[in-house]
Amino acid sequence: MRFALLIISLLFSSYCFSQTAKNIDQTKDSIVYHFEVRLTKALGLTPNCGYMAFALLQKFEVIKTDFPNYTNRFVLIVEPCPEFLGIGFFQNNKIYQVSATLNSTAPFSYPYPNKYEKDNLPIFWSKEITKLK
């Protein structure tokens with residue numbers, strides 16, 4: 001009985017705290033866009049992906065992108081299960097190349113904290129990320 005309550009609680013909290021991209025055309029969700037970005041401030045890692053999948057949302061300064069008519073100076077990028085990239089992968093002021101889509105294509109939701117909700121920036125989901133020199 002306790003186990004069932006625990007599972008229900010975890011599923012409910014995942015549903016309540018999961019975020020979705022807002023005010024973005026949902027028909028473009030499968031197109032992969034490329035960004036070269038600089039990480040403004042590295043955040044601490046979320047809990048490890050195990051029974052539940054967690055993600056990390058971070059704010060990057062856009063250096064260049066192939067997203068049509070992108071005019072914002074910054075972008076928010078969600079990295080699912082960031083611990084798989086290794087400790088210390090995300091570092092302040094480092095440059096990254098990111099392939100990303102407008103929505104997660106996973107068959108489940110990734111809860112993540114959004115410290116930048118008031119910034120009104122578009123949110124992209126990382127498909128592949130590489131740290132440059």
Side-chain angles (χ1 to χ4, degrees):
M1 181 66 174
R2 285 185 180 178
F3 183 72
L5 288 174
L6 175 65
I7 296 298
I8 290 170
S9 297
L10 289 173
L11 291 174
F12 180 73
S13 64
S14 172
Y15 173 76
C16 289
F17 293 105
S18 65
Q19 302 289 321
T20 57
K22 297 176 185 166
N23 301 322
I24 296 177
D25 184 359
Q26 299 296 318
T27 61
K28 299 178 183 178
D29 64 349
S30 62
I31 298 172
V32 176
Y33 300 101
H34 302 91
F35 290 86
E36 186 171 307
V37 292
R38 182 182 65 80
L39 182 57
T40 57
K41 181 181 178 188
L43 301 176
L45 293 179
T46 55
N48 289 345
C49 289
Y51 291 109
M52 289 191 62
F54 289 93
L56 177 65
L57 177 113
Q58 297 193 92
K59 185 177 181 178
F60 293 86
E61 181 179 10
V62 177
I63 298 170
K64 64 181 177 179
T65 182
D66 62 1
F67 187 87
N69 302 317
Y70 193 83
T71 57
N72 292 311
R73 181 177 174 198
F74 297 100
V75 64
L76 300 176
I77 298 177
V78 179
E79 181 61 46
C81 298
E83 75 276 3
F84 294 146
L85 297 170
I87 296 173
F89 180 81
F90 290 109
Q91 298 175 344
N92 293 341
N93 297 312
K94 294 291 182 181
I95 307 294
Y96 297 85
Q97 284 184 337
V98 184
S99 297
T101 58
L102 289 171
N103 293 313
S104 171
T105 54
F108 49 85
S109 65
Y110 286 92
Y112 60 85
N114 185 351
K115 297 181 180 187
Y116 307 106
E117 193 168 6
K118 293 181 181 178
D119 290 359
N120 198 24
L121 293 169
I123 297 174
F124 288 83
W125 286 80
S126 173
K127 297 297 173 198
E128 185 177 348
I129 186 166
T130 306
K131 183 169 36 174
L132 302 179
K133 298 178 182 178

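Throughout, numbering of the chain's residues begins at 1 and tracks the sequence.
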### Check: Phe35 ring centroid to Phe60 ring centroid under 6.0 Å
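No - the distance between ring centres of Phe35 and Phe60 does not fall below the 6.0 Å cut-off.
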
[X] [atom1] to [Y] [atom2] distance, which is reported to the nearest 0.5 Å:
X: Phe124; Y: Asn103; atom1: CZ; atom2: CG; answer: 10.0 Å
X: Gln97; Y: Lys64; atom1: CD; atom2: NZ; answer: 7.5 Å
X: Leu56; Y: Phe90; atom1: CG; atom2: CZ; answer: 6.0 Å
X: Thr130; Y: Leu85; atom1: OG1; atom2: CG; answer: 9.5 Å

Taking all heavy atoms of [X] and all of [Y], pick out the closest pair and write down the distance.
X: Lys59; Y: Leu39; result: O-CD1, 3.6 Å
X: Val37; Y: Val62; result: CG1-CA, 4.1 Å
X: Pro82; Y: Ala55; result: CD-CA, 4.3 Å
X: Ile95; Y: Glu36; result: CG2-CG, 3.8 Å
X: Gln58; Y: Lys41; result: OE1-O, 3.8 Å

### Task
Applying side chain to side chain donor-acceptor pair (under 3.5 Å), name anything that partners Asn93, two or more places apart in sequence or on another chain.
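Partners of Asn93 under the side chain to side chain donor-acceptor pair (under 3.5 Å) test: Arg38.
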
### Task
Indicate whether the side chain of Glu79 and that of Ser126 have a donor and an acceptor atom separated by less than 3.5 Å.
yes

### Partners passing ring-ring contact (aromatic ring centres under 6.0 Å, His included) against Phe74 (at least two apart in sequence or in another chain)
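Once residues adjacent in sequence are excluded, Phe74 has no partner under the ring-ring contact (aromatic ring centres under 6.0 Å, His included) criterion.
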
### Task
Say whether, by atom type as modelled, one donor and one acceptor occur between the side chain of Asn92 and the main chain of Ala42 under 3.5 angstrom.
yes

### Task
Would you indicate whether the side-chain heavy atoms of Val75 and Phe67 approach each other to under 4.5 Å?
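No, too far: nothing below the 4.5 Å cut-off.
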
### Task
Would you check if Gln91 and Tyr96 make a side-chain contact, meaning some heavy-atom pair closer than 4.5 Å?
yes

